[in-house]
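As structure tokens, the structure follows; a few thoughts come after it.
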Amino acid sequence: VPLQASGGSLVQAGGSLRLSCQASGSFISINSMGWYRQAPGEQREFVASIYGGSFTNYADSVKGRFTISGDTAKNTMSLQMNSLKPEDTAVYYCNFWVSTRANGVSKLDGYWGQGTQVTVSS
């Protein structure tokens, strides 16, 4: 299931960006969607997730500044990022868990997008 992430850019501290992720290919349904980020020299970390259409979770570092939304009918997800800080600088990856069926067997698999660079200047 290919995921296409977009929206990353260079922005000044205090600014806003909106990231988007589009899933394509064949699958039965989307179980959950999320965003992760990886700064240089750091491990990939959780940013936000959405499941069940409206249940959301956020990392403490982004609560109150970032908002995740998703449309499972359109296979899309967005991350509205406000009040950006230099420490938000990272490559942002989208992640979808989807249900597929093959040979009569259903399974749940996770997929990653290619990443989109967000750079926040001070």
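Atom OH of Tyr111 and atom CD1 of Ile30 lie 12.0 Å apart (nearest 0.5 Å). Summarising the geometry, atom OG1 belonging to Thr67 is positioned 10.5 Å from atom CD1 belonging to Ile50; distances are rounded to the nearest 0.5 Å. Here OG of Ser20 is found 9.5 Å from CD of Gln80. Values are rounded to the nearest 0.5 Å. The line from NZ of Lys107 to OG of Ser99 is 11.5 Å long, rounded to the nearest 0.5 Å.
For residues 27-38, every residue pair satisfying the salt bridge (charged side-chain N to carboxylate O under 4.0 Å, His left out) rule, not counting sequence neighbours, is listed here: Arg37-Glu45, Arg37-Asp88. Within the structure, the side-chain hydrogen bond (donor to acceptor under 3.5 Å, both in side chains) test picks out the following pairs touching residues 2-16 (sequence neighbours left out): Ser16-Asn82. Contacts classified as salt bridge (charged side-chain N to carboxylate O under 4.0 Å, His left out) and involving residues 54-63 (residues at least two apart or in different chains) are given here: Asp60-Lys63. Judged as a ring-ring contact (aromatic ring centres under 6.0 Å, His included), not a single pair has a partner in residues 68-94 (not counting sequence neighbours). Under the salt bridge (charged side-chain N to carboxylate O under 4.0 Å, His left out) criterion, no residue pair touches residues 72-87, with sequence neighbours excluded.
Every residue was checked against the side chain to side chain donor-acceptor pair (under 3.5 Å) condition with Asp71, not counting sequence neighbours, and none meets it. In terms of the side chain to side chain contact (heavy atoms under 4.5 Å, CB included) criterion, residue partners of Thr119 (sequence neighbours excluded) are, by chain and number, Leu10, Thr89, Gln117. Residues satisfying the side chain to side chain contact (heavy atoms under 4.5 Å, CB included) test with Asn95, not counting sequence neighbours, are Tyr36, Trp97, Trp112. Applying the side chain to side chain donor-acceptor pair (under 3.5 Å) test to Ser26 and every residue at least two apart in sequence or in another chain returns nothing. Take Ser69 and apply the side chain to side chain contact (heavy atoms under 4.5 Å, CB included) test, not counting sequence neighbours, and it matches Arg18, Ser78. Scored by the side chain to side chain contact (heavy atoms under 4.5 Å, CB included) test, Ala48 finds Tyr58, Ile68, Leu79 as partners (sequence neighbours excluded).
Counting all heavy atoms, side chain and backbone alike, Ile28 lies closest to Ser106 at CD1-OG, 4.5 Å. Of all heavy-atom pairs between Ser24 and Val1, the closest is O-CG1, 3.2 Å. Ser122 and Pro86 make their closest contact through CB-CG, 3.8 Å (heavy atoms, listed as atom of the first residue, atom of the second, distance). When every heavy atom of Phe66 is checked against every heavy atom of Val47, the shortest pair comes out as CD2-CG1, 3.8 Å. Residues Gln114 and Ala5 approach most closely at NE2-O, 2.9 Å, considering heavy atoms. The two atoms that bring Thr76 and Phe96 nearest to each other are C-CZ, 4.5 Å, heavy atoms only.
In terms of modelled atom types and a separation under 3.5 Å, the side chain of Ser32 and the main chain of Tyr51 share no donor-acceptor contact.
In the hydrophobic cluster analysis, where Ile, Leu, Val, Met, Phe, Trp and Tyr join through side-chain heavy atoms closer than 4.5 angstrom, Met81 is grouped apart from Phe46.
When hydrophobic side chains of Ile, Leu, Val, Met, Phe, Trp and Tyr are connected at separations under 4.5 Å, Val105 ends up as a singleton with no cluster partners.
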Q) Cys21 and Met33: side chain to side chain contact (heavy atoms under 4.5 Å, CB included), yes or no, with the steps? A) CA-CA 10 Å; Cys21 185; Met33 299 177 281; over 6 Å; no
